[in-house]
Amino acid sequence: MLEVKDLMVFFENALALNGLSLTVNKGEIVGIIGSNSAGKTTLMNTLSGLIIDMRIKEELRGGERISVYGKVLYKNKDITLTKPDERVKMGIVLSRERHPIFPESSVVENMKIAGYLRTKKEIQETMQYVFELFPGLTKYKKKRAGFLSGGEQQMLAIGMALIVRPEVLLLDEPLLGLSPMMQKSVVDAIRDLNKSIGITVILSEQFARPVLPMIDKGYVVENGMLTLSGTGQELMDNPEIKAAYFGV
Amino acid sequence: MKFSKFFTVCMLHALLFFFIFTPGVWAKKPIVIGVPTSIGFLEGKECLKSVQLAVEEINEKGGVKVGNESRMLKVESLDIRDAAPGVPVPEALLGIEKLILEKKPTALVVGPFRSEALMAAMDIIAKYKVPLLGTIAMSPASEGKIKKNPEKYKYIFRLCLNAKYLVKYLAGTMGFINSQFGFNKVYIMNQDVAWARKTAEIVKKVYFDKAGWEVVGMESYPTGTSDFSSALMKVKAKGAQVILPIFDMPQSGILVKQWNAMKVPSLMAGFISPLAGPSAWKTFNKKIEGAINVNFEMGSAISSDKIPLSKTFVESYEKRWGKKLEAGHGPAPSYESVYLLAEAIERANSLDPDAIVEELEKTDRQGVMGRIKFDEGHQTVYDMDPDKAAVAAVVQWTDAGKRTIVFPPLIAEGKIKLPKGLAAVK
Amino acid sequence: MNQAKILEAININKNFGGVQAVKNISFEVNKGELLGVIGPNGSGKTTLVNLITQFVRLSSGSIKFKGKKIDHLPPHKIIGLGISRTFQMVRPFYKLPAYKNMIIPLYSPRAKSLLGGKYGDRDAMALDLLEEVGFERDSFVAYKPAGVLPQGYLKRLELAKAMSLQPDLMILDELFSGLSLAEVASILPIVEKLLQKGISIIMIEHRLKELFKIADRVIVLNYGEKIADGYAQEVMESEAVKNAYLGTEA
Amino acid sequence: MKKRKERIDRGIKARSGDIFALSSYREMMYLSAPRFVPIIGFLILPLLLGVYWQKVLLSVAVFALLAISWDILAQTGMVSLGQALFFGVGAYITGALNHYWGVPPFISIPLATIFGGIICTLMLLPVLRLRGIYFSMVTLIIPLMLVRVIEATKIFGGTEGLTGMTPLPSRWVEVYLVIGIMLVCLFGFRRMMDSDYGLVLRGICDNDRSVINAGINIYWYKTQALFIASSIGAFAGALMTHVYMFVGMPVFALDYSIFPIAAVVVGGPGTLAGATLGACLLVPLSEALRGFGGLRIVFYGIFLVVFTVAIPEGIFPYVQRKYNEFERWVEVDK
Amino acid sequence: MLIGTIIYALINSVILCLIAMGFNLTFGISGVANFAYGAFYILSAYTTWIMINSFHLPYFLSVIFSIIFTMALGALMYQVVLKRVRGQAISEVIATFAIGLSILELFRYFGFVGFEYNLPPFIDASVVIMGTYVDVQRIIIVIAGIILVLALWFFTHNTSLGLAFRGIAQDERTALTFGIDSDKIATLAVSIGAGFAAIAASVIIPLGTISPSDGYDILIKALAVCIIGGLGSTGGVIFASFLIGFAERFTDTFIGSHWTMIVSLAAILIVLIVKPSGLFGKQKELEERI
């Protein structure tokens, strides 16, 4: 479904991603594990095309020079240079790190904004589904999103991504800063939506423990390079991983 | 081959350039008249065109005689933008200096718009000793400065009406209105700039207060005001029969329109620049019947049968530029100043500034505006008789879309008529 | 526990546009101890720090530092009294080289009076401090613009900036978040050393394992309320904490 | 093989400000040329120019001073849209001193510089807490308001202004005085912005909460920066008053607010040298365009747009970067 | 007198609101402070004038043409210039100001000064409201103002494009992840802002005459209203225009017209000092909390 070949990304002279390759099949949950500044977010931005947008804007400004090499294939089509909004139309949707929501608008409006590319009816239907998936959100429908707690915001962010009806859902550090309990409910929701509507999910995370049980495949990224890959179980059993990524 | 062709073309161009742009090779160097003013404004634009008209006329007749030879006149204009509110005075002064230093004009005409720019420019002009015949800025303060230090500032002359004489005309008109219709309640509205405010104050002091008028209100409006409703409501509430407006900003058109829309039962008599020109009838959709306006100088967008030169000027302007004069302030004196200058140079028989100034002081010319003479403050004397002094014209819009001169009496074409819905008190 | 209280918060409250971010919290910090603050996201931990340093004004309640009320003072005065903090989201001066980042706190009145220093000296002082937190002296790291440094160094820089003020009380806001285990392991001794020097520390942390290694006491926040306060082990056992924070799995 | 353009800095050491590596003649030239060329240029230039272009040079220096003053404020995180305020206050103080009490220019200009700085600082003190665009807007409004106040209350000559100030002894004094001060300001304040004190100021712009967090009272430092900047502006205003022997409402004109910013945008913010360079380009450009008559401002506007769009970082930083770095193509290795 | 003042104060407020709305819309969504706003206002008036007087088009057709033309020009300005300096506030201000300067001075250069440059009122009549004469044009302005505000509200709350506008206004990158093309929306925002200027000009200019120097005044007025209201907030703009509108007319009537400007400028200062982010500015607290 999604294939990344020899991806290299430079920010000016600094190498953010170095020769990264990975494959994602339809219906899988794939985890990208790595510590901070290992290149997870850059990878996510490259997959979603945000980096293209950033590159254009930096160039216009005469700022940092961002260079991308390698290939990103989606359904066997080269989308390396496709703009982010085009990719959204193709079905690749990213939910950025630190629960990206529109703080000034209400929960329902947030979803409506996210449904820019969908018809009203589709939005209504998906919204129904989201509220079933995250019952916690139901009572805040009219509340301004900025006043929700971190976990609720994350739920909303995932819900908003779902409104677009993606085929591939990219989640950048969805568990960041959530309490263990919140983490659990978010993980459950992801598993649930993968099972029920068969969305392909790629998520990145610093701490492997909460996500490893649910992923079909995992990649460990360090300093922009792929160091390990395998199924969730394989990674869980790997002693090195245990040592490095199983902090509390 | 190719190169030599290129070379020839280059040479030809150079030759062409040489012949076209250096007429001085065979003609005597022209006398340069500098026009530093705000060309982007209506008055500036028309003043410049009037100057050009006068220069062309003089050149056609053979130019100006200095010594034994006739020399052509040449206009060098420069936009100093001082009328635009955002432009600092030094910027305008730098423009004047540039003109003086680079084009070496024998004299300057028209000059700055804003009084403060003129006041500041006087020092520069005194420094470079270039006569200036100003025709726009009208605060009497500059005369005061000349009188205080005549030797230093003798290079500055003014041909247009100044605030002092404007008062005289306004007072005269008001006296007329009073004696004819018995009106004696007035509301004064003026722009918040030096000359307008001063005019308003002086009219009140020297005329209204003495002649037994009741000044029911006096408002000054910052340049750029776009709503006059509250003053107009006050006019109505206090029963003023006459509104005396003194404005030269474009937004004053709003005042006229609002006066109209609010159906204020008072006579509009004063100075509002949009009312001066012939196109006002169309601008205000034929709704200015009865409005009385002062055209600051005879010939500035108005002519009288009794002063033939003014008719010639207005007509030849239209012929030359294909457009009627619209500015009620500036064009006639600008046109005249070129003639004054030409005559002074011929009399002085030299281009020496001091000699020209000496001759300018002696000026006595029957021109477009009437008889032109300077007083000791180098201000052209204005009065009621065109044979004795320069005149301005007070005109009234009639219902046929024509302007009738109603004051001063010697050149009046008719009497003031009250517009519909307004009755005389006596 | 009969040590002197260095910081005391009494019934502090904070409202944000109708939302109660901090509800009636009281706690104290004793001299020389390390107080851990834990709680789920959005529970008001960072607000608490902001309230102590008055980056955000109290709605009600009072805060005492060394027995004196400080809640009416502007932030820079409070910091001048000897409280310094790090930010959860690092806030370096991105365009400046790392060691130049240090100059600003070193230029503050407190640092000036305690450490002295003239123009030029401060560079050396900055480099010393940076070495203390683990910037290798002979590498170029300290000379690089802060904007290009990796997270680990930025956190150290943040710590060094707080240290340069010679504080009596340090507030470390999620110092370890975003760091690898190895990095955390290398920073822990620095914190311990600070404790040995007699500096009191409030530490806000998600990384409980590391926190419990050094914390004397822990308070737990949830939805702006304090739900537990006590020794680390006691706190972890309590039902309320388990329900609110750790979930059933932990 | 794929290639990538790499940027390399010409020796961090040579540029880092404090650690000088003056090893070779070339190295020294490399460091000192950018400093001496403008100094010598500015000192010689007046001798070569005619009277009128000397006046233009004076104008250049005045706008450069205003631009420097703007840049100092901007580096401290205060984006002002009202340099006219400083200019105008300075002009009115010296004008009033000279006009009402006959204080000679060599006393009234320094007085205007200091008191202009104090008055402007006091005026802006209440809004020091505003950040970003709100601060800018207040600074835009205050000069407009002062114009109206002078208009309404008729103080200081009202709409007519005060004329007949004592001129400076000669045009050489005028031009060298202003150039001297400009060079002193340029290099002096550049030095200052590089010192520890300047670091604090720049820190406020970069990240004010971090500076508060260092126990520094940012408002006190902002006040100081404001005083420095407004004094520079007030000096420019005071000098212009004596050159043109006039002070009036137009000293608060919008041009004095906008064009310094334009100069900085064109020259490059954050360097002071960029501000000066911008003024050196824009003012003569505006004069050269006088030939176009009414179209002058139109062309001027178009030039501004082209500058800002073509070199968004500003000319000076661009040149500086090119001066300091190489670019080369490197292979992307696997 | 009092009633008359209130009526005209109301009208004045609506005029201010009309003037400020476009500027506010552009800033709220794209973050671009369009300093060419006043120039667009004047430009559209001249366009209408040229259409009527040189091409002899009917009045309403000319108005519609000029609105479309101004909008196209706004879009063009974004695409050619602003796109390249996005995010650098000062460059944006200087670039747009320079564009505005060029447009206004170009008109001046081509001799578009004088009093014949004016637009006729839609209906040249006046009516009496509670004893005060009000011209129909001013009533049309009030109606236009109300319609525009309602239309804007409907647009931003019920259409997907409008919702996208609000999304971009709050968080550009996030909006991007939902397939909302920020450049397209920003182009539209500048363009619609320019369109608002054109609509405002079409209904307001018939009250007076067209002059290039008005362009600067319009810009300052729009800025003043937007700052008091809190940049980017529509409710704030409406409130602020009523505040200034009433302050102006009441100063006019009861204090003296030469204090009008000072009173409104002082109002701005006071509001900013007391409430730094404007009356309806985005709440800072949210920032602090997260």
Side-chain angles (χ1 to χ4, degrees), chain D residues 70 74 79 81 123 125-138 140-154 209 254-255 257-259 261-266 269 292-314, chain E residues 27 31 33 35-36 39 77 80-111 216 220 223-224 226-228 230-231 256-266 268-270 272-274 276-278 281 284:
Chain D
W70 187 89
V79 176
L81 286 177
M123 242 186 269
L125 220 47
V127 293
L128 220 51
R129 276 168 196 282
L130 299 187
R131 282 162 155 190
I133 194 148
Y134 295 103
F135 179 85
S136 319
M137 291 306 158
V138 173
L140 177 71
I141 286 162
I142 290 182
L144 292 177
M145 191 156 141
L146 283 184
V147 170
R148 298 302 178 186
V149 169
I150 289 173
E151 198 174 40
T153 56
K154 304 177 184 67
R209 291 168 130 245
L254 204 58
D255 280 21
S257 303
I258 299 290
F259 288 136
I261 307 175
V264 176
V265 168
V266 166
F292 287 103
L295 274 181
R296 168 182 166 220
I297 302 297
V298 178
F299 280 119
Y300 191 70
I302 292 169
F303 271 112
L304 268 185
V305 174
V306 170
F307 272 132
T308 39
V309 170
I311 315 178
E313 59 183 325
Chain E
F27 185 85
F35 272 53
M77 178 175 88
V80 175
V81 176
L82 286 176
K83 206 169 157 182
R84 286 158 224 280
V85 290
R86 257 319 271 296
Q88 291 159 298
I90 300 294
S91 295
E92 277 173 6
V93 166
I94 292 297
T96 49
F97 185 78
I99 291 171
L101 199 70
S102 304
I103 293 175
L104 291 177
E105 296 299 325
L106 201 64
F107 276 111
R108 216 197 278 286
Y109 174 74
F110 283 121
Y216 304 104
I220 299 273
L223 275 176
C226 290
I227 296 162
I228 291 204
L231 281 159
S257 50
H258 56 284
W259 290 99
T260 312
M261 285 292 258
I262 297 178
V263 166
S264 50
L265 292 174
I268 298 176
L269 279 187
I270 291 165
L272 280 180
I273 291 165
V274 176
S277 47
K284 277 230 187 85

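Each chain gets a letter, A, B and so on, in the order the sequences are listed, and its residues count up from 1.
Atom CZ of residue D:Phe299 and atom CG of residue E:Leu101 lie 13.5 Å apart, to the nearest 0.5 angstrom. With rounding to the nearest 0.5 angstrom, the CG atom of D:Leu144 is 10.0 Å from the CG atom of E:Leu223. One finds the CZ atom of E:Phe97 at 10.0 Å from the CG atom of D:Leu81 (value rounded to the nearest 0.5 Å). Between D:Leu140 atom CG and E:Ile220 atom CD1 the span is 5.0 Å, to the nearest 0.5 Å.
Between E:Ser91 and D:Thr308, the shortest heavy-atom contact is O-CG2, 4.4 Å. When all heavy atoms of E:Ser102 and D:Ile297 are compared, the closest pair comes out as OG-O, 4.4 Å.
With a 4.5 angstrom heavy-atom cutoff, E:Phe107 does not touch chain D via any of its atoms. Contacts of D:Ile258 with chain E are made by both backbone and side-chain atoms, with heavy-atom separations under 4.5 Å. Proximity to chain D is absent for every atom of E:Ile103, based on heavy atoms less than 4.5 angstrom apart. Looking at E:Ala224, neither its backbone nor its side chain comes within 4.5 Å of chain D, counting heavy atoms on both sides. E:Ile99 touches chain D through backbone and side chain together, each having a heavy atom under 4.5 Å away.
Judged as a side-chain contact (heavy atoms from CB on, under 4.5 Å), and not counting sequence neighbours, the contacts of D:Phe307 are D:Val266, D:Leu282, D:Ile315. In this structure D:Val79 satisfies the side-chain contact (heavy atoms from CB on, under 4.5 Å) test together with D:Trp70, D:Ser136, E:Ile90, sequence neighbours excluded.
Counting heavy-atom pairs closer than 4.5 Å to chain E, the top-ranked of the candidates D:Val127, D:Val149, D:Val306 is D:Val149.
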